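A quick write-up on the structure given underneath.
Within every chain, numbering begins at 1; the chains are lettered A, B, ... in the order of the sequence lines, protein sequences first and strands thereafter. All figures in this text were calculated on a predicted structure; none of them were measured in a lab.
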Amino acid sequence: MKTFNELCYDLLKQIPEGKVVTYGDIAHALNCKAYQAVGNAMANNPNLIIVPCHRVVKSTGEIGQYALGVTRKVELLKSEGIEIDQRKVKNLDKYRFQFLNSF
DNA sequence: ATGTTGACCTAGA
DNA sequence: CTCTAGGCCAACA
């Protein structure tokens with residue numbers, strides 16, 4: 001049994017380019033409400049290259065945080081074609097990626 | 001086993 | 001819209 005964090009990384013790896021998700025979405029995909037645990041998984045940041053942690057934002061549309069800094073996170077998101085207003089995602093629902101089967 | 005922490009969420013004022 | 005308070009879950013010391 002992989003840890004909750006590993007599951008989070010798996011889900012993140014499923015996120016395609018130009019798509020973003022919220023911490024709550026990841027938790028919901030795991031049929032749980034461990035929003036904080038998801039954030040903790042990102043904070044652990046085991047594999048920043050393999051896991052696109054930069055595609056995870058808050059439910060309010062704010063960027064949240066990033067290991068390399070919020071600025072770098074915004075740059076990456078904008079590089080993927082996502083419209084961002086300084087520090088908030090404009091059409092979050094438009095770029096929202098919905099996980100299919102988490103089981 | 002208990003307590004603290006964290007890249008959070010929701011609701012109420 | 002902004003601010004405050006409570007809750008929620010897993011990982012770690």
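A pairwise comparison of heavy atoms in A:T71 and A:R87 identifies OG1-NH2, 4.3 Å as the closest pair. The shortest non-hydrogen separation linking A:L92 to A:K58 is CD2-O, 3.9 Å.
Comparing B:dA7 with C:dG6, their P atoms sit 22 Å apart, to the nearest whole Å.
Mapping A:K58 and A:A37 onto DNA chain B by nearest heavy atom places A:A37 closer to the 5' end of the strand. Where A:N44 and A:Q36 each meet DNA chain C at their nearest nucleotide, the meeting point lying more 5' is that of A:Q36.
A:I63 places its CD1 atom 15 Å from the C1' atom of B:dC8, with the value rounded to the nearest Å. If you measure from atom CG of A:N31 to atom P of C:dA10, you get 11 Å, rounded to the nearest angstrom. What separates OH of A:Y35 from C1' of B:dC8 is a distance of 8 Å, to the nearest Å. Rounded to whole Å, the distance from CD on A:E6 to P on C:dA10 is 16 Å. Atom C1' of nucleotide B:dG6 and atom CD1 of A:I26 are separated by 15 Å, given to the nearest angstrom. The nearest whole Å value for the distance from the CE atom in A:M42 to the C1' atom in C:dC12 is 17 Å. Atom-to-atom, NZ of A:K33 to P of B:dG6 comes out at 24 Å; the value is rounded to the nearest Å. Rounded to a whole Å, the CG atom of A:L76 is 15 Å from the C1' atom of B:dA7.
For A:Y66, taking side-chain heavy atoms from C-beta onward, the closest of the listed nucleotides C:dC8, C:dA10, B:dA7 is B:dA7. Distances were taken from every side-chain heavy atom of A:F4 (C-beta onward) to each of C:dA11, B:dA7, B:dT10; the shortest belongs to C:dA11. In this structure, of C:dC8, B:dC9, B:dA7, it is B:dA7 that holds the atom nearest to the side chain of A:A67. The listed nucleotides are B:dT5, C:dC8, B:dC9; the one nearest the side chain of A:N40 is B:dT5.
Here SG of A:C53 is found 13.0 Å from CD of A:Q65. Values are rounded to the nearest 0.5 Å. Rounding to the nearest 0.5 angstrom, the gap separating the SG atom in A:C8 from the CG atom in A:L30 is 5.5 Å.
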- Message: If you apply the rule ring pair (Phe, Tyr, Trp, His ring centres under 6.0 Å), what do you find for A:F97 with A:Y95, and how did you get there?
- Response: CA-CA 6 Å; A:F97 174 76; A:Y95 303 108; over 10 Å; no
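A:T3 comes within contact range of the sugar-phosphate backbone alone, with a heavy-atom separation under 4.0 Å but no base atom that close.
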